[in-house]
Engineer: 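Sharing a structure, written as structure tokens. Questions coming.
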Amino acid sequence: MPAAVLSGALLLGLAGAGSFFSPAATVQASPVENEETNPDGSGDAAVSGEELTPEEQLQQELDQVYAMEVQSNGWEAWPAGPGTYGEAAIVMEVGTGTILYAKNIDAHHYPASITKLVTTLAALKNGNLQDPVTFSHNSVSFLKWDEASIGMKEGNQLTLEQALYATLLASANEAAYAVGESVGVNAGHDYNWFIQQMNEICRELGGTNSNFVNTNGLHDPNHYTCARDMALIGRELFQYPDFFRIAQTPQYTIPASATTEEHVFQQHHEMLLPDNSDYYPYAIGGKTGYTSDALSTLVTMADNGSMQLVCVVLKTHGINVYPDTRNLLEYAFQNFQKVSIAEQETSEDVEEILPDETAGYVVLPMEASFSDLSMELVPDGGLSTEAQLNYTYHGQPVGSARASLSDHYIKEHSAQPKDVSHKDQETETEDSGISDLQGKVILGAAVALLLILITALIRITRKRKQKTRRRRR
């Protein structure tokens, strides 16, 4: 029996919410469905051996991935997080961008259909929901039989909103292509311009390890990303309520029109479906992904009422993508807290914490306190009396704030007389002597010139008087 196809008797039950799974907790192989409608789930097992059964080979592969280093577990005084059956994973707090969990977060991996989050973000930035999306020949001709689609045909037309429902819920590859092409054309450009926008947006957000060459995530060796970059993209989507309205919909119907027939499709992200065994009550959005090269990928946004998170897992082996995500989110919610900067900052250099686009708080381990933080004050410079405050906890960034500077700071850092050495004093004395001599020369010349002018004026006056006397005679 191939390693990719395990009987139901071998599939072990999953632990309850909030618990962490051990490497031996699951021997499962079928990944979530996405681009390829019937994935075999085998992945690219690195271990082979005649002495091992297929099930043992798979379990050995899972154990090796689970045992990979979690870099954040090595951070000083940082809560230890769970392992994952994915080769890369991250949890990021939305307001501050603080990284709470890190496992190979900058390593290049194929994203599969979580690419469609970048597509959606670029579409929302550059288009309007009622803009037309037309399905060209290029947008439908590339599809293979086993690639996710809702069956759109050349010449069909939807609104951008309808096309995004198909892109996010059904992971329709032709819809993602048509979104990119139509948004590009509507902006006076083309599909390639839209791809450029996807990459530029990622870079503007701070992503430096991604290269997107299509809008749907179908495999291309030059199409890759990393966990950190996808978390930054997920974090940015919190600025777009329309994304969450679409992403949370369990089922959507595109009604029949003059240009297209009716299409009905369902949500694929199981953590958003209340009736699903993988449902997670704090999940509020996200996107699934799968190809045989990428294996299972998943982005999940979560909100427990006090903290908002983005969780990304890449190249997940087996069907562990949802348990891994649940474990990571629970780890973050249970081990970290938000602390107000304005209520805690007591530096005599700070006059006031300013309300602005920063979150206004730091994210700390539950056992840590604000006094454990290091604060770097970066003044704006020039005539400004404001500064950026950057906070770290044992070297890890945990938040920032804008502040006005106190009179104490301004006085301490204003220009002060220099404490010059004896040699400098002599130099200044010599310089002063030269300056005095120059001043005397200039003054003497001015006095001489003034005397010459007075003498000339007296002579002229005398001559005029002599002429007047002669006339009178």
Side-chain angles (χ1 to χ4, degrees), residues 32-38 112-187 190-191 194 198 214-218 237 240-276 283-290 299 301:
V32 296
E33 176 181 333
N34 200 352
E35 283 88 0
E36 300 177 1
T37 56
N38 294 298
S113 258
I114 61 174
T115 298
K116 293 172 174 119
L117 292 178
V118 196
T119 302
T120 299
L121 180 57
L124 293 173
K125 282 181 175 289
N126 292 284
N128 296 306
L129 290 180
Q130 297 310 309
D131 288 345
V133 170
T134 301
F135 287 77
S136 68
H137 175 76
N138 288 340
S139 69
V140 297
S141 61
F142 66 90
L143 281 172
K144 298 178 182 178
W145 69 270
D146 60 347
E147 293 171 351
S149 166
I150 60 169
M152 299 300 292
K153 301 179 177 62
E154 182 176 349
N156 287 169
Q157 187 175 95
L158 303 176
T159 64
L160 177 57
E161 182 177 28
Q162 292 171 329
L164 288 178
Y165 272 103
T167 298
L168 291 172
L169 301 188
S171 201
N173 291 302
E174 81 276 32
Y177 191 107
V179 165
E181 185 176 56
S182 293
V183 171
V185 169
N186 293 341
D190 58 12
Y191 179 79
F194 187 87
M198 293 168 61
N214 61 52
T215 57
N216 46 42
L218 289 172
L237 281 166
Y240 294 86
D242 286 325
F243 163 75
F244 289 98
R245 177 174 56 82
I246 294 171
Q248 292 170 10
T249 304
Q251 178 173 297
Y252 187 76
T253 300
I254 296 175
S257 69
T259 64
T260 184
E261 59 190 11
E262 180 182 86
H263 295 274
V264 182
F265 42 85
Q266 289 75 37
Q267 169 71 252
H268 279 187
H269 196 314
E270 295 178 7
M271 299 182 84
L272 298 170
L273 298 172
D275 295 333
N276 194 284
I284 60 171
K287 184 71 188 74
T288 59
Y290 176 83
V299 177
M301 294 83 159

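Treat the numbers as computed from the prediction; the structure is a model and nothing was measured. Positions are given from 1 along the sequence.
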Engineer: Tell me, please, which residues at least two apart from I150 pass side-chain contact (heavy atoms from CB on, under 4.5 Å).
Structural biologist: M152, A166, A170, A172, E174, I254, H263, F265

Engineer: Who passes ring-ring contact (aromatic ring centres under 6.0 Å, His included) against F244, sequence neighbours left out?
Structural biologist: F238

Engineer: What residues, two or more places apart in sequence or in another chain, satisfy side-chain hydrogen bond (donor to acceptor under 3.5 Å, both in side chains) together with T259?
Structural biologist: S257

Engineer: Could you tell me which non-hydrogen atom of A247 sits nearest to which non-hydrogen atom of G285, and how far apart they are?
Structural biologist: CB-CA, 4.3 Å

Engineer: With a 3.5 Å cut-off and sequence neighbours excluded, list the donor-acceptor pairs that the side chains of residues 130-137 form with protein atoms.
Structural biologist:
residue : atom : partner : partner atom : Å
Q130    : NE2  : E161    : OE1          : 3.4
D131    : OD2  : N128    : N            : 2.8
T134    : OG1  : Q157    : NE2          : 3.0
S136    : OG   : N138    : N            : 3.4
S136    : OG   : S139    : N            : 3.3
S136    : OG   : E181    : OE1          : 2.5
S136    : OG   : E181    : OE2          : 3.2
H137    : ND1  : E154    : OE1          : 3.3

Engineer: What heavy-atom pair brings L273 and P250 nearest, and what distance separates the two atoms?
Structural biologist: CD2-CB, 4.1 Å

Engineer: Would T115 and N216 count as a side-chain contact (heavy atoms from CB on, under 4.5 Å) here? Give the steps.
Structural biologist: CA-CA 6 Å; T115 298; N216 46 42; over 6 Å; no

Engineer: Mind checking side-chain hydrogen bond (donor to acceptor under 3.5 Å, both in side chains) for Y177 and listing every partner two or more places apart, or none if nothing turns up?
Structural biologist: none

Engineer: What pairs meet the ring-ring contact (aromatic ring centres under 6.0 Å, His included) rule with one or both residues in residues 151-173, with sequence neighbours excluded?
Structural biologist: Y165-Y252

Engineer: Provide the full list of salt bridge (charged side-chain N to carboxylate O under 4.0 Å, His left out) pairs with a residue in residues 248-269, sequence neighbours left out, each pair given once.
Structural biologist: K153-E261

Engineer: Does K144, at its NZ atom, have more than 12 non-hydrogen atoms belonging to other residues, nucleotides or ligands within less than 6.0 Å?
Structural biologist: no

Engineer: For the atom pair CD1 (I246) and OG1 (T167), what is the distance rounded to the nearest 0.5 Å?
Structural biologist: 9.0 Å

Engineer: Nearest 0.5 angstrom please: Q162 CD to L129 CG, how far?
Structural biologist: 10.5 Å

Engineer: What distance do Q248 atom CD and Q267 atom CD have between them, rounded to the nearest 0.5 Å?
Structural biologist: 9.0 Å

Engineer: Of all residues at least two apart in sequence or in a different chain, which pass the salt bridge (charged side-chain N to carboxylate O under 4.0 Å, His left out) check with D190?
Structural biologist: none

Engineer: How many angstroms lie between CD1 in I284 and CZ in F243, if you round to the nearest 0.5 Å?
Structural biologist: 8.5 Å

Engineer: My understanding is that only residues two or more places apart in sequence, or in another chain, count here; which of them pass side-chain hydrogen bond (donor to acceptor under 3.5 Å, both in side chains) with T119?
Structural biologist: none

Engineer: How long is the straight-line distance from OG1 of T120 back to CG of L237, given to the nearest 0.5 Å?
Structural biologist: 7.0 Å

Engineer: L272 versus T249: any side-chain heavy-atom pair under 4.5 Å?
Structural biologist: no

Engineer: Rounded to the nearest 0.5 Å, what separates atom CZ in F142 from atom CG in N173?
Structural biologist: 5.5 Å

Engineer: Please examine the side chains of H268 and Y290, heavy atoms only from C-beta on, and report whether any two atoms are closer than 4.5 Å.
Structural biologist: no

